[in-house]
Number of protein chains: 2
Amino acid sequence: MAFVYEYARPSVTVDCVIFGLDDDGLKILLIQRDGDPYAGSWALPGGFVEMDESLDQAAQRELQEETGVSEVFLEQLYTFGAVGRDPRTRVITVAYYALVNLKDHKIEAATDARAAAWFALDDLPALAFDHDQILQMAQERLQGKVRYQPIGFELLPEKFSLRQLQRMYETVLGRSLDKRNFRKKALGLGVLEDLNEVERDVSHRAARLYRFDRAKYEQLVKNGFHFEL
Amino acid sequence: MAFVYEYARPSVTVDCVIFGLDDDGLKILLIQRDGDPYAGSWALPGGFVEMDESLDQAAQRELQEETGVSEVFLEQLYTFGAVGRDPRTRVITVAYYALVNLKDHKIEAATDARAAAWFALDDLPALAFDHDQILQMAQERLQGKVRYQPIGFELLPEKFSLRQLQRMYETVLGRSLDKRNFRKKALGLGVLEDLNEVERDVSHRAARLYRFDRAKYEQLVKNGFHFEL
DNA sequence: AACCTATAGTGTCTTCTATACACTATAGAT
DNA sequence: ATCTATAGTGTATAGAAGACACTATAGGTT
């Protein structure tokens, strides 16, 4: 492995853009940096990739260490490698993104972060490094992807009503959808399992609850079905 | 920059999947490796990222050095970082892909490669490292992307007939398309400039020639137009 | 008990888009 | 003059997307 030391080579980090949904809309998870550079600034959770872990594993580990959030479905977003993006030295970062149901994931700041917190997308602090660029690309990817793949189900609780599903789509897409057309289409996809249950303790007519049937979804995809919502 | 030496950190390379089109169909550009590991094997052109160049620049440089192909529009594909993908040490590779018109790009093997050559996709040699995986992902991306973005124009010469355009789409998508419907749709997009010229020296009725109007395309995209072919 | 409020749930019509499909025109070769 | 290979053109049908308004009901309020 001598060549590793022959020249200075770029280092590799991972950074995670974690989207969460609650009644106020979309949020993202940030940490407050403890060490230099950008000490005190808010940043995406992330850190250096170790020799004995894959990129995916590194992203999961850093997310867990810095925020306490674990077991999320992280998807690779893009790799950022501009020369000056870290003021200290050359750092290439592989960015990941994920969607989580905000209520399922309690956060706890840890180790190399002062704090971890959810921020509304329209009320963000200044971010360290080029993390604003990374976030922007993540939002674009999310909007593009949610239209033809049912990734958005990660944002919802296990059991959800069609209204919750519609609001999630409206929030992510940033526009309103027609109720009847949405329901027709969502049910027509054949990946929602009707639980024969209704909401409880709501002061209006209770909605039926559904579950996302991932097995049926994967079967349809295998047969070449093309999703779109 | 002391920390670079405190621990062994993964190295970073770039690899390029270059698709070319000629009358026989889709080809990809490979180099024969000169040094270990996999000496003599065919592989995707690529190499280590230097400290003072961006990832995109590194991909362009390695492609030029190893194959003589330059000035192509490289797009980032995915970053591969499994622990054992290079037998020597830990190497993370950022994969790029591009489409070129085969006749415009004469290849010339150089420096750290024995040879460079185009290979038909259905008649490939065994590839070094995990390059078969990278290639497979590139093919999937290409098929997905060609349907809703006019990237395929890179595969054609500057001036082309609608027949050439249709054959290119058929080749990439792997299925045949209806001539009249294809022409209707292609012309309807409004990004083809009619050059008021026809083919020369063909032993049949000569086809009109068109040019891809990138400026018009970008203007339409900016106004939220959603392409699909 | 009557009423209020908030959301659930339901169908039809119109418009647009995708697809299937067959013949005439013409440049160059024979 | 004829042949060959490809250019170029329009319509009809089927399916998908989008617009649109009312009745039903759980719980709260008076």
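Residue numbers begin at 1 in each chain, while the letters A, B, ... track the order of the sequences.
Heavy atoms of Arg183(A) sit under 4.0 angstrom from at least one base atom. Within 4.0 Å (heavy atoms only), Lys184(B) reaches at least one base atom of the nucleic acid.
Closest to the side chain of Arg205(A), from the set dG11(C), dG10(D), dT25(D), is dT25(D). The side chain of Arg208(A) approaches dG9(C) more closely than any other nucleotide in the set dC20(D), dG9(C), dA7(D). Comparing dA18(C), dA7(D), dG11(C) against the side chain of Lys185(B) picks out dA18(C) as the nearest. Closest to the side chain of Ala207(B), out of dG18(D), dA7(D), dT10(C), is dA7(D).
A salt bridge is defined here as a Lys NZ or Arg NE, NH1 or NH2 lying under 4.0 Å from an Asp or Glu carboxylate O, and Glu75(A) with Lys145(A) meets this definition.
Ring pair Phe80(A)/Tyr78(A): centre-to-centre distance below 6.0 Å.
Nearest-nucleotide positions on DNA chain C place Gln164(A) closer to the 5' end than the other of His204(B) and Gln164(A).
Classified by interplanar angle (parallel below 30°, tilted 30° to 60°, perpendicular above 60°), the ring pair Phe160(B)/Phe153(B) is tilted.
Rounded to a whole Å, the CZ atom of Arg163(A) is 13 Å from the C1' atom of dG9(C).
Applying the 3.5 Å distance criterion, the base of dA26(D) shares no donor-acceptor pair with the side chain of Asp201(A). Put simply, the side chain of Asp178(B) and the base of dA18(C) share no donor and acceptor less than 3.5 Å apart.
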Can you check side-chain hydrogen bond (donor to acceptor under 3.5 Å, both in side chains) on Glu170(A) and Gln166(A), steps first, answer last?
CA-CA 6 Å; Glu170(A) 288 176 336; Gln166(A) 181 175 349; 3.1 Å; yes
